[in-house]
Amino acid sequence: YFLIDNLSGGLNAGVSYQTVDDFSETIFLVGPEVRYYIPAGARNKVYVHAGASFGSYNTTGPDDTYAVAAYDGGVSYAIFLSDNFSLDAGLG
């Protein structure tokens, strides 16, 4: 959601599941993200982004549930194919 021109905020959510033989793990994360866009042409923008996610890590082992946190940030390049759709590539 764009809070003001070139500044957006949103919510990220992710789920990961893996199983190998008798062992399985599930990771669930959710948290806020913010992006600031810098114009780089008529339909192109560079943006910096940062976020934090919090959740749980569950395994089939004896100590089966842990609280987890993940933090991320980076720089990306967006090519806007329309007013509401962009193709992005970045480093984080």
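Side chains are part of it too, since the values below use all heavy atoms of this structure and drop only hydrogens, waters and symmetry mates. Quantities reported herein were computed from a predicted structural model and do not represent experimental measurements.
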### Task
Please name all residues satisfying side-chain contact (heavy atoms from CB on, under 4.5 Å) with Tyr1, sequence neighbours left out, ordered by chain then number.
Leu3
### Summary
Residue set satisfying side chain to side chain donor-acceptor pair (under 3.5 Å) with Tyr66, at least two apart, ordered chain then number -> none
### pair Tyr57-Glu25: side-chain heavy atoms closer than 4.5 Å
yes
### Asp83: salt bridge (Lys or Arg N to Asp or Glu O under 4.0 Å) partners, not counting sequence neighbours
Arg43
### Task
Not counting sequence neighbours, list each pair that qualifies as a salt bridge (Lys or Arg N to Asp or Glu O under 4.0 Å) and has a residue in residues 46-57.
none
### Query
With sequence neighbours excluded, what pairs up with Ala67 under the side-chain contact (heavy atoms from CB on, under 4.5 Å) test?
none
### Task
Can you sort out the partners of Tyr36 under side-chain contact (heavy atoms from CB on, under 4.5 Å), two or more places apart, ordered by chain and number?
Asn6, Leu7, Ile38, Val48
Sequence neighbours excluded and cut-off under 3.5 Å, please list the side-chain donor-acceptor pairs for residues 84-92, or say none.
from	atom 1	to	atom 2	distance (Å)
Ser86	OG	Asp88	OD1	2.7
Asp88	OD2	Tyr47	OH	2.8

### Query
Looking at side-chain heavy atoms only, is the closest gap between Val30 and Asn12 below 4.5 Å?
no
### Message
I'd like to check the side-chain contact (heavy atoms from CB on, under 4.5 Å) partners of Thr65; sequence neighbours left out, ordered by chain and number.
### Response
Asn58
### Query
Do His49 and Ser76 have side-chain heavy atoms sitting under 4.5 Å apart?
yes
### Message
Going by salt bridge (Lys or Arg N to Asp or Glu O under 4.0 Å), name the residues that satisfy it together with Glu33, two or more places apart in sequence or in a different chain.
### Response
Arg35
### Task
Identify whether NZ of Lys or CZ of Arg in Lys45 sits under 6.0 Å from the centre of the six-membered ring of Tyr77 and within 45° of that ring's axis.
no
## Note on the structure
The complete set of salt bridge (Lys or Arg N to Asp or Glu O under 4.0 Å) pairs with one or both residues in residues 2-19, sequence neighbours excluded, reads none
### Task
Taking ring pair (Phe, Tyr, Trp, His ring centres under 6.0 Å) as the test, write out the residues that go with Phe2, two or more places apart.
Tyr37
### Query
Which pairs with one or both residues in residues 7-18 pass salt bridge (Lys or Arg N to Asp or Glu O under 4.0 Å), sequence neighbours excluded?
none
